[in-house]
Every structure is written in structure tokens, then in C-alpha cells.
Amino acid sequence: MASNQNFRDLQWVLHAIKSETLNLHNISFYLSQPTSGCFQETENSMNINISKDSLLYFLHLLTVLGTAKNIQSSLRNLEFHQVEWELQQLLNLGVLLENSTNIKQLVFRRNRFNTECLSEFSDVLKRNNVIKEITFSESSIGYVGAGILSSALKVNDSLEELQIWEDSIGSKGAEELSKMIEGNSTLKLLTIFDSSSITATPLISAVLARNRTMEVHIWSGENGEKISKVVEFSPENSTLRIYRLNISGACRVACALGCNSTVKSLDMTGVRLKSKWAKEFRWVLEQNKSLKEVNLSKTCLKDKGVVYVAAGLFKNESLESLYLDGNWFSGIGVEHLLCPLSRFSALQYQANITLKAVTFGGGSTKIGRDGLAAILQMLTSNESVTRLGIYDDESLKPDDIVKIFKSLERNATLRHLSLQGCKGVQGELVLQTITETLQVNPWIEDIDLSRTPLQNSGKTDGIYKRLGQNGKSEPDMDLLKDMPLTVPKSCRVFFCGQEYAGKSTLCNSISQNFSSSKVPYLDQVRTFVNPVEQAIRTNGMKIRTFKDEDTKISIWNLAGQHEFYSLHDLMFPGHGSASFFLIISSLFRKPSNREPKTPAEIEEDLQYWLRFIVSNSRRAVQQCMLPNVTIVLTHYDKINQPSQNLQATVNSIQRLRDKFQGFVDFYPTVFTIDARSSASVSKLTHHLRKTSKTILQRVPRVYQLCNDLLQILSDWRSENFNKPAMKLKEFGELCQVKVPPLRIRSRHDNKEKVEMRRRAVATCLHNIGEVIYFDDPGFLILDCEWFCGEVLGQLIRLDVRRQSSIENNGFISRKELEKILRGSLQSQIPGMGSKVFENLDASDLVRMMLKLELCYERDPSNPNSLLLIPSILEEGRGKPQRWQLSTPDCLYAGRHLECDDSSHTFLTPGFFPRLQVHLHNRIIGLHNQHGATYSLEKYLISININGIYIRIELGGQLGYYIDVLACSTKNLTETLRLIQQLIIPAIHSFCNGITLIENVLRPECVQNLTPPRYRKTQLVSLQQLKQALLSVSAESMYDYQHTWSPVLDSGRPILRSGFDLARDLLSDDDFREVLHRRYHDLYNLAVELQVPPENNSDGPDQSLSTSNEPDKVDPTFGGIAKGVEAVLQRLKIIEQEIRDLKQEIQGLRYYEHRLLIELHRKVNYLVNYNVQLEERKVPNMFFFVRTENYTRRLVTNMISGMNALRLHMLCEYRQEMHVVEDQMGCEMMQVDNRAVQCLAPYMKKFMKLLTFALKIGAHLAAGMGEMIPDLSREVAHLSGSSLLYGAGGAVAAGAVGAAAMGRSRSRAVEGSRDIQQDLKTAQQWVVDFLRQRRCSSGKDIAEKFGLFRVRYRDNGQIAWICRRHMSIRANEIIEVPI
């Protein structure tokens, strides 16, 4: 019933549409039905059936729908079934589509269109921008319809989905649609089901070629065959899957993939391919940048096809997975396939490093012997493949499988290995080999052995258990910690000496001594050398090795030529190395003549090598023993009789011994020998043996592992054609296989820590001289003599300047240097030359040159940085030197930086080139360089930056000082600021632990560029100059002068004596530092005097305050210091208001003056404190002086038993207290206990005030200069204190001693108690003492002390004053004699 109610006639539909009562979303028209009517499925969906005799209703309904407003806005989908379209009907449909704003989907099922109707529909589509989906199903549009639709869709930019089902558009229609795809970028889905699979090729090719993100599904069912998919492309996961295509179609798709960027995964499993396609696909692999995975399983590829694929892999940089299992190629194909994944030399790069997974194999794949060799080569050398699959192979035997797993012992990258279905995986030997490999190789995570005989027999459980153990984290143990230590077995003897010293001859004679004593002789020098090659070989360092019982002695003959000096640092033994030195010097200048060397020449020769040994020993963090040195003098046979010259040489060697005592360990005997005579050197040979054994017992023990590794390395060399060098990676692989303590046991182990242990062992081998280890290039040189003789010997003599085409500014590009290296080190004669490039690449040589400091990177962060080669730089010392700028307003300044211990150390040869590069980078990198220029010579850097010209010169015969000279149009402070903030810090950063002392150069030497030999004396230490400024009063600071001594050359004056003001030698920054030191001293003085705050006079501690009356001072230690707070406040104000040096000095003078007046006022009160004490019949302010060695010293502490003291009195005139000149004083024979009790408290407190006054430069000290105590010994423990800057500070420290400065604040306060009783006791002692000496009358006191008793007119107080004050202050006093 319900269905009958929903079924209405067509008239009702027309009426309902016109009345706009329907709200329809979906309308489906079914034509050629038995009866007409409509069926409303839902409220929004309606099916309309129209019989053949009611076709007019169809036209009428389309017309009404096109005019109904509510339908136009609500209609979403239109479906047409079995419609044979006429033009008028299509026109009405066009009106409907144009008026409807929301129609998204059009479906035509079993419709028929004539060409005219399709053209009209095409025009409708061109105008429409609403419809998203169109489907044609069984509508027979053919290739014509496909072409018409294509023309519309080239214009339409709204349609997103086009589906054509069960049609036959043919290749022509497909081509038309492909053209549409090329122009249409909005289509998102294309589905074609055609009778022929050929339609797929142009469509998918267009999608790929235009990089369309369009989902494509193409199906076909030819000749009644089962329907199957041909191609699908899913842009969501970037996967292209091809199920079946003919060969030409596959080739066309391959061409489209060349520049495609949307496909990441290509799957062509089961598509039959030929070499023609593989040839096209090679180009795809070379060009495509996005393809990550390619599956070519079961594609019938033969050897030729795989060769093309392999060729593409050489240039491919994106493919990560390649599956080729189930194909028909042989071992030749495997060999080509794995070639880009393999290395065939240590110096060769792996061609393809992006491919991570590769599979091959199958019943039709015959791997064979060639394929197995390729697999083994790939597994031992590859560094990128993580997954390898060999499937269903029948050609590999169990022995071949064993070889595959053996090769995996040194592979650290493979994670997954699949051998599923391989018939050769069987037997106990295979099982044992897999287990052993897994013990050595912890990185393999999975081994797939399914369907193999081993798996079928149930024997693989142990393998999977071991894989699980390799996945567990091992406890983090330091495996080297518990390793046994042993005495080293090899000792090195370094032969040091200049050219023609006879080192090589001596080495030969020693070898004969070893040979004659039936000791095995292991001479590692190549003896079978082609005569032509021997003639052209360059001289370099030689190494000879001898065996003495179980000890190996290596003689390292350091080349004496100057160009080899920069390499000596590298050869220097490391910390704890068993080694000692023979310094060999000839007694004659050249072997060809009998002209003897002077003692000075021999001393200079020996001193270079001693300083070289000491300077390099300083690099060690700690020295287990001093370097052992033996001196050998050669050509002794030419001396007929002992001469004075020889005795002078002996004396000079003794002087060197004394000088270097404590730096090196000298053997007491100097050997004088004839190096050519074996008999003459027999004692020296015995000394070498004996010393070697002694040193081997004294040096730190080494790991037993190092001795074991020597044999392992030797075996490795013999297995690898006696290779002289190995890469660090090869060393790691060797450790993993052969050395269990250095093995990574689990893939979760801390790999970095194990690598660090391996590098530590390599460093240990380097230190004991068995290998030369380069951490940065990552090389171990196993044949040291080959490296020193053939590689370094040629590198050091490399004539870059002659071969380089660049400007001679010292810098050269890395590529050009590599080109020069290849040209120089590759012999033009076949089979000749050093064969360096068989073991080392040109880029490795450049990195070694950097490590050896034969060249330097300008920008270490840039891999293509220019390189500085010092040998390119020209020597400029013979040229006339002058400043580029010479105007009258120029000023000149210079700094001289000298090694602190220049008699024992010097700057190494690599120091200055490193500084040249570093300063170049710093200056080029400055933001305000203002067109800075930078030029280099061998020992000179010239810089012009912002109007300041700077020369940096390396000086001294052995490079022990650096001069920085400046000529500037700026002021002195700006110029020196550039030197002190840019140049000097850069110099200090490259000194390697050597301290440089900064000195000020005489400006006249800088202006005239006086040669270095004349300006040696024309400098003053910067600290010494500052100290001198601190020692003068504030008034004298600004005008302080430094005097220069004259320089004469053979009586001819080069520089006259002169002076420069300190302010012209120091920058404002340095001058301020001096002033602030003085401020700091004064500030510490005020703090030590325990100054209370000014506003705290009413506080609870009344003993530490004073009243407002200036003369009523509380007689306490704190009270004496009252008033200094105001001075401190003034100091802060001054520091905040500094404008220039003169103002600062003025402030300092004011500060000193105020503090001095305050002290005078307080001390003046002490003078008059006890007026009642016998009415001041004797002076109060006294001090003691002790005479020592014709000098007088101020006594600052009273100790019982002291003798030879004299009592002196101060002139007590108020605020002008001072020492009386030429005062006789009164002698005190010995200090007894009563004197100590009475005087000690007074001495401690009064002397503190006295020396504080001295500290701030008070004139109270007049006449006391020669009595001021020497600070250096008494207060050495206070050497770091700021109080010790300046002479005044020194006096204070000496006077106050530990009692004043070493106590805590609490004890200082405790010592500030009332001193009334102390003063009274001390003054009474003086009265009694003077009576005993019959010196109690005014006349006696005037005679012995030059003091007279007076009374001030204004306040009536009594004082004892000197004769000068009696005269100049006569109007202020009245004499009151006793």
C-alpha cells in the first residue's frame, strides 16, 4: 500500500514542480519504461519513469525543472538512464544546468548521443562552473565523444571527477583525453574501463609527465576476458602500480617518469619487460629525484636489462629500495647490479649511497661464481645497504653461504638479511658460521631463513636467540679498566742535529754494531730500489729498527734541513712514550773541509734542539719523567790534538747543562766519535741498549692489548698486499673482528664510547711510535718510514709557488692544491714514483697537510675554504721597510711580546702561519672594517684598518718574540685599543701554554722602523711602567717620564737617549687602570680604619663616634679614623664624574689630601692627649730605627732581645707632622721585657697610622725613605693583594703586617678598644728612658732630637716642633722651654 501511495503520475509531478512544493536533491530519469509515473523514494529523492509514448513529458519536465526556483537551488544530482538524446532535450538540459547553482553530479547510464548532442553538451560544460562529477556508463561515446569531452574539459576548471565505464574510446580517444590532462589541472579522479588496455598508456603518461596529482584507475577486459586492472596511480601515497602493459606502453610510461616528482613508489611486478624498457628506465634513474622504491619482481629481465638498471644506479641519488627477485639474469647481472654499491679500493668512493634495500634471486637466476664474488665485495665494502634479500636460490652452495656470513663480520650497516628459500642454507658449518658472525656483528637485527633446509630441520632457534641477545642493552662497562698492563717493548731514539752532522752515517755504523753482535737486524728501509728511482728520491726522515733480545729499538733520524723543522713537532713523542734524544753536532762546519766550528756555533746548534725538546715537553699535561738527552760530537777523528777550542766547547756544553738543569735529564758523558767507524761508536751503541732498557722500566706501563694489536696489524698488512696505511674505519672493523675488548657487543651499546676506546688505543700506539695516527683524516700510518720519507719528504718540498697560477697572496683553493699534488707526486715514468696515490687520495693529503700545519684553512667551517700555504709567502726582510702613511700628525705606538722563559722555550714554527690566517678571518669578519687591507710576508702581517696601519713581526732567531707596531691618524687610545682588543688576544690564543710578557716599545723605534737588533733595549715592561706610576704621588702622575737609553753600533749612534711621557706610552684605559688601583688602595685604607657612617653619631656604639668639635676626639682606634667616610663618598662622586685623565688625577689628589688631613688631625690629638703627663716635658710621637748593614730600617714591632735601636721623635706641628732631617736620636742598647710591655701596644697602633699615611704618599715620611721596610719577604703571603700595588701600599703592608691585614673584621673591632692606657704607659716609659740617658732638659732634647717645646697661641696646647717650624710658624706659637 505504501508503495502505491508513493507512486504518482507524471501530471502530479509537473504540478508539484510548478507549485514549488517539492524540495528535491536527487532526480533519476528512466526512459523506455513499460509505464510512466514517478516514485518518490525519500523526501528529497525521486525516480521518474517515462514510457516510449510519453517522451514529450521528458522534454516538458526538463523545461519545468529549468524554471522552478526551489528546484534550481536544491537539486544536487541528476541521473539519466536509457535516454536517446535529441537536440531540444539537450538544450533544455543545458538551461537547467545553467540555472541550477548546486548540481554537483551528472550520471549517464546506457544513454545515446549523436555528435550534435555531444557538441551541445560540450558547450554546456564549457560554460558550467558548478558540476564536480560526470559519469558515462555504457553510453558508447567512442573516440569522437572522448575528443568532444576533452575540448570542453580543457576550458572547464570545476570538474573534479570523470568516469567512463564499459566503453571503447580506443587509442584515439585516449590520446584526446591525454591532451586534456595536459591542460586541465583541476581534475582529481579519472576512471576508465575500456575494452582495450592500450588506452592506459597515453592517459597515465600524461598524468605522470605533467605531474598531476590525479587519482587514476584504468581497467580493461579484452575479447571477453576477465575484467582486470591495467594501471592505478594513488597520489595520496604516491604509488604507481602497473599490472599489465605491452612493451611500447611500458617504455612510454618510463619516459614520462623521467622528470616526474609525484611518484615515489613504482610497482611493475609481473609485467613482462625487455632490455628496451630497461634502457629507457636507466634514463629515469639518472634524472628522477623523487622515486624511492621500485619493484621489478618477476619481470623477466635478463642480464642486458639489469646492466641498464645498474648503470642508472651510478647517477641516481634518491632510490632507496630496488626489488629484482624472480628475474632471469645470471652472475653477470648480479655483478653489474652490485657494482655501484661496492668499493674496489680504499681510496674509491661508493657510487650509490642512497639505495638501502636490494633483493634478487629466484629459480631462474643463476648467481654463480661471478655473482658470489660481487656479493662478497659489496658486503665487505658497502656502507649504505641495510636490507639484502637473496630469494629461492639454487646455485649457491653451503660453502658460498659461509663466505657470505664471513664477509658480514666487517659490515656495520646491514640490518636485515633474507635468504628465504635458498637451498644452500644447510649443514652444521653454515649454522656455526652464522652464530660466530652474530657474536662479532651486533648490528644485524633480522635474518630470514624461512623455507631453507636449515629452518626446515628446526636448527635455527639458536640463531634467533642470539639475535634477541644482540638486541638487549649490555651493562655499560669500561672494558679497558680491567685490562692487564705490561712494560712497553719498543723504545725510540731520536737523532737530532743540523745538516752534515753525520746522523745517517752514525745510524749505519750502529746498525753494523747490532749486526756484528749476532742480534737480528730488522732494517725497514727499502733496500731493493731501482737505481733511477734512488737517484731522484728526496731526503727526509729515516727510521731504522733493531731488535735487542725482546726489545725493539727504533732510530728516528730527524731531517736536519730547515724546511723539515715544522714537522718535528708531529714526530715528538707523546706523554709517557719510551724515548730519548741524541743531539748530534759536528765539530766541523762541513764534512768536505777542515774548518772547525766555533764553540759559540756548537752551543747555538745544541741550544736549538734543547729548546725544541723543552718547548714540546711543555705540551704534555703531565710529565712522568724529564726528557733524556745525550750529546754526541762527530768528526772527532779530524782533530789531531786537543786545542783551546775543544776546551771552550766543553765549557759551553757545561754551561748548557747548568742552564737546562731541571728541564732535561742530561747523560753525564759527552760522546766524541768518528761516525764512520763501528769501533768508535761501540760505546755509544752500548749506551743506546742500556738506556733503552732503563727508560722502558721507568715509563708508564701500556695495555697488553697494544702489544697484541701490533701483531694483528702486521697480519692485516700481510693480508692486504703490505699496505702502508689503513683507514680508521678499517681499524674499527679489525677491532670488531679480532679484538674482543674493543668490540661492540650489542646494537644498543654506546657506540661512541667504544669508538672513543678505539681512538684511545690508536693514540697509545701513536705515542709509543708504532703508528702515526691522524684523527681528522681518519688514518693510521702503519709504515712510518714510508710516510716520513716518501709522503712528507715530497709534501715539504712541494713547490706550490712555481706551479700555481694564482696571485701570490699566500692563499690557494683546495682543488688547485689537489691538482698540484697529483701532478707532483705521480711519476711520469710508469712503475716509478712514490705510489702515494695507491694508498692516499689527494683530499686526504690536503687534510694531512692541514694537520701537519703545512697549510692552514682560512675558514674552517667552509669545506671549500681557501688555504694559506706559508711556503708561497716571500721573504721580506731584505727589502727597505717604511710606513705607507707618513704625515706630521701621525702618532706611533708599539708593543713587544716576548716569551716569559725565552732562554728555554720558543714559539713553534706553526705558530705564525696560524696567526696569519686567524687574524685574516677576524679582520675580514669585522662589521666596521672600512675597507681593511691585509697582506702577508713570511714573517710579517701588514694590516690597514680604519686609518690605523699595523705591522706584526715575528722576531728572534728562534721566534721567541713578536713586535706589534702601529702608525695611526687616530688618537693613542683608539690605536692601542685595536692592538689590545684584537691583535694581542689573537696572539695569546695560539701560544700553546707559553706565557708572553707585554712590553712598551719606544715610539721613535716604531716611527723609524728601527731594525729589531737595535730596538732590543728600547722597551719597558708594561707592568713595570704601571708600577712606576703607582709609586709616585698623584701630583707627579700626569707628568711622569720614562727615560730611554742610547743605542750605539760600533760607536756610531743609532738612537740617542731621550724620554717619553707615560701618558704618551699608555692608553687612557691603561692610565685609568693605574688610577683605579690607587683608588682601590685608598678605599681599602678607609675600610681598614673601620670608618662608621656619618649619620650614626648618635648610635649605640658611642666609642666609635666623635662630637662635632674637631678637637674633642674620642681616644679610640675608631675615633682616630673618624671623617674618612666623607672621603669615601667623594671617591664615589669622582668615579662617576670622570671626564679625562687630568680631572681624574685632580680628584685623586683631593682624595689623598683630605685623607691625609684627617689622619694628621687625629694623630695631632694623640700628641696632645695626655697634657697632664708631666706637662708634656718630653715629645710624645716617637719611633725606633734599626741599623743593618749601613742601612736604616723602621721598626714596626717590638720584640724582647732586639738591639742596636735608636729612638727618634717626630716634629709634632699640627697637620704637618714629619720626620726631622739629620736627627741624632738616642741609642737603645737592648729591648727588655718591660720595654716590650710598655711599648708593644703603642707600636702596633701608632705604627699602623704612620704607615697608612706613608701608603697614601704623605709627606710625613720625609727623611724616612731609606728606612721603609722591604716588603718582598715580610709580606710575601700578601702578594696577590691590591695593597701591594705601588710603594705606598708596600710600606703599609710591611708595617701593619699580619696584625693589621690578616685579621677578621671582628678581631679588628676588638683591637679598637680605648688606647688611653696604652699611650699613658708608652709616654711614661719614654720619660723614664730619657731620664736614664740624661736627656730630660729642653736643651738635651733640642740637641739629640732637634725639637723645641712650644705652645699654640690659639688654644694653649703644648707641642714639640722642629727648627724649621719654629721659624716659619713663629707668629702662631710661643716657645716655652723647660
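Just so it is clear, the structure is predicted and the values come from calculations on it, not from any experiment.
- You'll find the side chain of S275 stays beyond 4.5 Å of the side chain of K302, heavy atoms only.
- Annotation for E98: atom CD counts as buried by contact number, over 12 foreign heavy atoms lying within 6.0 Å.
- With hydrogens and angles left out, the side-chain atoms of D303 and S330 include a donor and acceptor closer than 3.5 Å.
- Counted within 6.0 Å of CD on E86, heavy atoms from surrounding residues, nucleotides or ligands total 12 or fewer; the atom is thus considered open.
- Under the 4.5 Å side-chain criterion, counting only non-hydrogen atoms from C-beta, I204 is not in contact with I242.
- Within a 6.0 Å radius of CD in E84, no more than 12 heavy atoms belonging to other residues, nucleotides or ligands are found.
- Of the candidates N49, I48, I50, N49 is the only one forming a side-chain contact (heavy atoms from CB on, under 4.5 Å) with Y30.
- When atom types are taken as modelled, the side chain of N156 and the backbone of L125 share a donor-acceptor pair closer than 3.5 angstrom.
- In this structure, E215 and P235 have side chains that are in contact, with non-hydrogen atoms separated by less than 4.5 Å.
- Counting non-hydrogen atoms of neighbouring residues, nucleotides and ligands closer than 6.0 angstrom, the NZ atom of K52 reaches no more than 12 such neighbours.
- Looking at K264 and S318, their side chains never come closer than 4.5 Å, going by heavy atoms from C-beta outward.
- M180 is listed as a side-chain neighbour of L187, based on a closest heavy-atom distance under 4.5 Å.
- When only modelled atom types and interatomic distance are considered, N260 and T262 share a side-chain donor-acceptor pair under 3.5 Å.
- Note: F121 and W85 fail the aromatic proximity criterion, with ring centroids not under 6.0 Å apart.
- One side chain, S297 or D325, offers a donor N or O that lies under 3.5 Å from an acceptor on the other.
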Per-pair distances, 0.1 Å, donor-acceptor, side chain in residues 57-65, under 3.5 Å, sequence neighbours excluded:
residue, atom, partner, partner atom, Å
Y57, OH, Q11, OE1, 3.2
T63, OG1, L59, O, 3.0
T63, OG1, N92, ND2, 2.9

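- Annotation: K132, atom NZ; neighbour count of heavy atoms from other residues, nucleotides and ligands within 6.0 Å is above 12.
- When the shell of 6.0 Å around CZ of F80 is examined, it contains more than 12 heavy atoms from other residues, nucleotides or ligands.
- With a 4.5 Å cut-off on side-chain heavy atoms, S220 and R244 count as touching.
- Considering only heavy atoms from C-beta on, N352 comes within 4.5 Å of N316 through its side chain.
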Exercise for the section: Could you please spell out the steps behind the side-chain hydrogen bond (donor to acceptor under 3.5 Å, both in side chains) verdict for N102 and S100? Expected result: CA-CA 6 Å; N102 289 313; S100 299; over 6 Å; no
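- The pair E320-K356 does not count as a salt bridge, with every side-chain nitrogen at least 4.0 angstrom from each carboxylate oxygen.
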Practice task
Would you check, one step at a time, whether the test side chain to side chain contact (heavy atoms under 4.5 Å, CB included) holds for Q163 with L189?
Solution key: CA-CA 8 Å; Q163 300 186 44; L189 173 65; 4.3 Å; yes
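- Here the side chains of S265 and N237 are not in contact, with every heavy-atom distance at 4.5 Å or above.
- Side-chain atoms of R212 come within 3.5 Å of backbone N or O of I181 as a donor-acceptor pair.
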Problem - Candidate pair V309 and L322, rule side chain to side chain contact (heavy atoms under 4.5 Å, CB included), full reasoning - result: CA-CA 10 Å; V309 173; L322 176 62; 4.1 Å; yes
Practice task
For the pair R110 and E138, evaluate salt bridge (Lys or Arg N to Asp or Glu O under 4.0 Å) and give the outcome as yes or no after the intermediate values.
Solution key: CA-CA 5 Å; R110 298 184 180 180; E138 301 176 66; 3.7 Å; yes
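- Side-chain contact check for T460 and Q455: at least one donor-acceptor pair (N or O, by modelled atom type) lies under 3.5 Å.
- A donor-acceptor contact closer than 3.5 angstrom is absent between the side chains of T199 and S196.
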Problem - Stepwise side chain to side chain contact (heavy atoms under 4.5 Å, CB included) test for C117 and E120 - result: CA-CA 5 Å; C117 290; E120 180 59 32; 5.6 Å; no
Exercise for the section: Give the intermediate values and the outcome of side chain to side chain contact (heavy atoms under 4.5 Å, CB included) for residues V306 and N327. Expected result: CA-CA 9 Å; V306 174; N327 285 287; 5.7 Å; no
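- S261 and S290 form no side-chain donor-acceptor contact under 3.5 Å, judged by distance and modelled atom types alone.
- Atoms CD and CG, on Q89 and L56 in that order, are 9.5 Å from each other to the nearest 0.5 Å.
- Among residues two or more places apart in sequence or in another chain, the side-chain contact (heavy atoms from CB on, under 4.5 Å) test is passed with V130 by K104, N128.
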Distance-only check: which donor-acceptor pairs under 3.5 Å involve side-chain atoms of residues 276-287, not counting sequence neighbours?
residue, atom, partner, partner atom, Å
W277, NE1, A250, O, 3.3
R282, NE, E286, OE2, 3.1

